Novice: 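Just dropping this structure here.
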Amino acid sequence: MKQVVKQLVSAAAGLSLVAGFAFSASAQDATSLDDLLRIVQENRASAQQIDQERERRFMDERADRQQMLSQAEAEMQEEEERGQRLQEEFAQNEIDIANKETELDNMVGTLGEIFGVIRGAASDTIGRISTSVVSAEYRGREDVLESLAEAQELPNISELEDLWIALLTEMRESGRVSRFEGEVTLLEGGTETREIVRVGAFNLISDGEYLLYNEDLEQIQPLGRQPDGYILDAASDFENTSEGYAGVYLDPARGGILSLLTQKATLSERYHEGDTVGYAITVVLIVGLLIAIYKLVTLTMAGAQIRSQLKNPQNPGNNPLGRILTVYNDNKNVDVETLELKLDEAILRETPKIDSGVGIIKVLAAISPLMGLLGTVIGMIGTFQSITLFGTGDPRIMAGDISMALVTTALGLIAALPLIVVHSIVAGRAKSIVQILDEQAAGIIASHAEKGE
């Protein structure tokens, strides 16, 4: 109100200044005292009229401001009374809510425990259903139970039936073999629709391969690495069986064991862990086998020629026994001692050719495990170096060197075993040929001695 009065006073002062300015201007226009007096009187009457008009306007505005102030004070009083009333209602509502909660607890009684059991069962069922391979065929089953697991009030009959049906469906489908069309997300990208065989709640099979159900992405995906061939053969036979019974390998961990197969190293990967020493052992094995094969072929051919020569001793050929018979034919007229020396000399000439390469196979068979031991030592040296640099906190740092140590040992033994076997075979074949030559030479000497008598 005071601010309004100040504004009115300022306006009145302004109007006085305007009137004084107008009076000064009129006074300057006057040419005589009569004119000046007349002008002053006129200005006085005009100023009084202006003052009266301003006073009247001021009084009108004062009444309006007073009315507005009264109205504002009335509204303020009304709001204060309303706030007090709402505060009292809020306090009363708090009391009513506490009473209702107490009344609800008394009415619920043991139903509260049942509610907790139902929520827990719903949560467990959701976890079981979401990770089950049955959900690959029946999608969205867990969505019905999420509201029940997160509910803050007692469930109704319909929600209890949903929980019951979900449990019964999982129990029923876990003992059934089902075929359905499903979308498979391929490892190389993209998807395709396949016929999928679901074996209970354990595995998914399609096109003779095992599939996994990714519950996070809700996708059916092939294994990154399939199990061994005989397992896949059984899976393919089972998939193609339309009636009767067929065997199949199951993963009791519902895909957990199959997932571990993707982390298992293959034979090729194990072999390459042997590194340089492993490759050298492989070269030794290949060289030994090539020599053994060559010797087996040559000794077999020589044995065949000797057997053929035994059937026709009168016509010596170009074979070990034929060359010995040639020596006999050339020395029929000599004495027994000389003939024996000649035949021994001929046998000694044939023996190196027959025994050549047999010793090399034996040496390679002995070198292989020694090379494996060398790889073991190199791998252990690398392991201790890793321990010195990085400690024993992370075993994976040492895994590469330990794998090399073990793989090279295994490769050395694997190479030695077949080399020892083929050496025994080749040596036996060579010994049998030399024995035949010795027998025939001894027979020739005995026959010659009898003729000499």
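The structure presented is a predicted model; accordingly, all values stated were derived computationally and were not measured.
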Novice: When you look at Ile445 and Tyr328, which way does the side-chain contact (heavy atoms from CB on, under 4.5 Å) test go after all the steps?
Specialist: CA-CA 9 Å; Ile445 294 171; Tyr328 169 68; over 6 Å; no
Novice: Can you tell me if Ser368 uses its side chain to pair, donor with acceptor, with the backbone of Ala365 under 3.5 Å?
Specialist: no
Novice: Can you name the residues that form a side-chain contact (heavy atoms from CB on, under 4.5 Å) with Ala346, not counting sequence neighbours?
Specialist: Ile324, Val327, Arg349
Novice: Just wondering, more than 12 heavy atoms not from Gln87 lying within 6.0 Å of its CD?
Specialist: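 No, the 6.0 Å shell around CD holds no more than 12 heavy atoms from other groups.
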Novice: With rounding to the nearest 0.5 angstrom, report the CD1 to CG distance, Ile205 to Asn240.
Specialist: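 Ile205 CD1 to Asn240 CG: 10.5 Å, rounded to 0.5 Å.
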Novice: Filter on salt bridge (charged side-chain N to carboxylate O under 4.0 Å, His left out), then keep only pairs touching residues 290-311, sequence neighbours left out; what's left?
Specialist: none
Novice: Check the pair Asn214, Thr185 against side-chain contact (heavy atoms from CB on, under 4.5 Å), reporting the backbone distance first and the verdict last.
Specialist: CA-CA 10 Å; Asn214 190 327; Thr185 302; over 6 Å; no
Novice: Would you say the side-chain atoms of Asp96 and Gln92 include a donor-acceptor pair closer than 3.5 Å?
Specialist: yes
Novice: Go through Arg198 and Val134 one step at a time and tell me if the side-chain contact (heavy atoms from CB on, under 4.5 Å) criterion holds.
Specialist: CA-CA 8 Å; Arg198 177 179 56 81; Val134 179; 3.8 Å; yes
Novice: Tell me if the CD atom of Glu78 is crowded by more than 12 foreign heavy atoms within 6.0 Å.
Specialist: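 Atom CD in Glu78 is not packed in, count stays at 12 or less.
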Novice: Could you report the tightest heavy-atom contact between Leu339 and Asn331, atom names first, then the distance?
Specialist: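 Of all heavy-atom pairs spanning Leu339 and Asn331, the closest is CD1-O, 3.8 Å.
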Novice: Check salt bridge (Lys or Arg N to Asp or Glu O under 4.0 Å) between Glu195 and all other residues, then give those that pass, not counting sequence neighbours.
Specialist: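 Scan of Glu195 (salt bridge (Lys or Arg N to Asp or Glu O under 4.0 Å), adjacent residues dropped) gives Arg179.
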Novice: Can you tell me if Arg172 has over 12 outside heavy atoms packed within less than 6.0 Å of its CZ?
Specialist: yes
Novice: Indicate the atoms forming the closest heavy-atom contact of Pro418 with Leu285, along with that distance.
Specialist: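 Taking Pro418 first and Leu285 second, the nearest heavy atoms are CG-CD1, 3.8 Å.
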Novice: How would you list, by chain and number, every residue that makes a salt bridge (Lys or Arg N to Asp or Glu O under 4.0 Å) with Glu340, sequence neighbours excluded?
Specialist: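 With sequence neighbours excluded, Glu340 shows a salt bridge (Lys or Arg N to Asp or Glu O under 4.0 Å) to no residue whatsoever.
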Novice: So how far is it from Lys100 NZ to Asn93 CG, rounded to the nearest 0.5 Å?
Specialist: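 The distance works out to 11.5 Å.
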Novice: Please identify each residue that fulfils side-chain contact (heavy atoms from CB on, under 4.5 Å) with Leu411, with sequence neighbours left out.
Specialist: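 Residues passing side-chain contact (heavy atoms from CB on, under 4.5 Å) with Leu411: Tyr271, Ile281, Val407.
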Novice: Is the closest side-chain heavy-atom distance between Met371 and Val284 below 4.5 Å?
Specialist: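 Answer yes - side chains close enough.
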Novice: If we check side-chain contact (heavy atoms from CB on, under 4.5 Å) with Val133, which of these qualifies: Leu204, Asn203, Ile196?
Specialist: Leu204
Novice: Could you give the distance from CG (Leu232) to CG (Asp237), rounded to the nearest 0.5 Å?
Specialist: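 Atom-to-atom, Leu232:CG and Asp237:CG are 11.0 Å apart.
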Novice: Quick one: side-chain contact (heavy atoms from CB on, under 4.5 Å) partners of Ile97, sequence neighbours excluded?
Specialist: Glu101
Novice: To the nearest 0.5 angstrom, please state how far the CG atom of Leu212 sits from the CG atom of Leu223.
Specialist: 4.0 Å
Novice: Which residues pass the side-chain hydrogen bond (donor to acceptor under 3.5 Å, both in side chains) test with Thr298, sequence neighbours left out?
Specialist: none
Novice: Looking only at heavy atoms, which two atoms of Leu413 and Pro369 are closest? And how far apart?
Specialist: CD2-CB, 4.4 Å
Novice: Take a 6.0 Å sphere around CZ of Phe180 and say whether it holds more than 12 heavy atoms from other residues, nucleotides or ligands.
Specialist: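 More than 12 heavy atoms, drawn from other residues, nucleotides or ligands, come within 6.0 Å of this atom.
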Novice: Could you check whether any side-chain N or O of Asn319 sits under 3.5 Å from a backbone N or O of Leu321, counting only pairs where one atom can act as donor and the other as acceptor?
Specialist: yes
Novice: What's the shortest heavy-atom distance between Val248 and Ala235, and which atoms?
Specialist: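 So the two residues come closest at CG2-CA, 4.1 Å.
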Novice: Nearest 0.5 Å, please: how far is CG in Leu348 from CG in Leu341?
Specialist: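 The CG atom of Leu341 sits 10.5 Å away from the CG atom of Leu348.
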Novice: With sequence neighbours excluded, what pairs up with Glu192 under the salt bridge (Lys or Arg N to Asp or Glu O under 4.0 Å) test?
Specialist: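 By the salt bridge (Lys or Arg N to Asp or Glu O under 4.0 Å) rule, Glu192 matches Arg194.
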Novice: Under 4.5 Å between any side-chain heavy atoms of Ile444 and Leu325, yes or no?
Specialist: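 Yes. Closest side-chain heavy atoms under 4.5 Å.
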Novice: Any side chain to side chain donor-acceptor pair (under 3.5 Å) pairs touching residues 417-434, not counting sequence neighbours?
Specialist: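 Every side chain to side chain donor-acceptor pair (under 3.5 Å) pair that includes a residue of residues 417-434, provided the two are not neighbours, is Thr300-Arg429.
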Novice: Are the side chain of Glu75 and the backbone of Ser70 linked by a donor-acceptor contact shorter than 3.5 Å?
Specialist: no
Novice: Salt bridge between Arg176 and Glu173, side-chain N to carboxylate O under 4.0 Å?
Specialist: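 The answer is yes: the pair qualifies as a salt bridge.
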Novice: Return the minimal non-hydrogen interatomic distance between Ile220 and Ala136, and the atom names on each side.
Specialist: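 In this case the closest contact between Ile220 and Ala136 is CD1-CB, 3.8 Å.
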Novice: Are any of the side-chain heavy atoms of Glu273 and Leu406 separated by less than 4.5 Å?
Specialist: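 No, their side chains stay 4.5 Å or more apart.
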Novice: Please name all residues satisfying side-chain hydrogen bond (donor to acceptor under 3.5 Å, both in side chains) with Thr241, sequence neighbours left out, ordered by chain then number.
Specialist: none
Novice: With a 6.0 Å cut-off on ring centres, are Tyr230 and Tyr249 close enough?
Specialist: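 Between Tyr230 and Tyr249, the centre distance is under 6.0 Å.
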Novice: Which heavy atom in Thr408 sits nearest to a heavy atom in Thr376, and how many Å separate them?
Specialist: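 In this case the closest contact between Thr408 and Thr376 is OG1-N, 3.3 Å.
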Novice: For Tyr279, give me all partners under side-chain hydrogen bond (donor to acceptor under 3.5 Å, both in side chains), at least two apart in sequence or on another chain.
Specialist: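 Checked Tyr279 against side-chain hydrogen bond (donor to acceptor under 3.5 Å, both in side chains); matches are His272.
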Novice: Taking side-chain hydrogen bond (donor to acceptor under 3.5 Å, both in side chains) as the definition, give me every residue that meets it alongside Gln385, ordered by chain and number, with sequence neighbours left out.
Specialist: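 Not a single residue meets the side-chain hydrogen bond (donor to acceptor under 3.5 Å, both in side chains) criterion with Gln385.
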Novice: Assess whether side-chain contact (heavy atoms from CB on, under 4.5 Å) is satisfied between Arg323 and Asn318, documenting all intermediate values.
Specialist: CA-CA 6 Å; Arg323 288 188 286 269; Asn318 188 18; 2.7 Å; yes
Novice: Nearest 0.5 Å, please: how far is CD in Glu181 from OG1 in Thr193?
Specialist: 7.0 Å
Novice: Please say whether more than 12 non-hydrogen atoms of neighbouring residues, nucleotides or ligands are located less than 6.0 Å from CD in Gln67.
Specialist: no
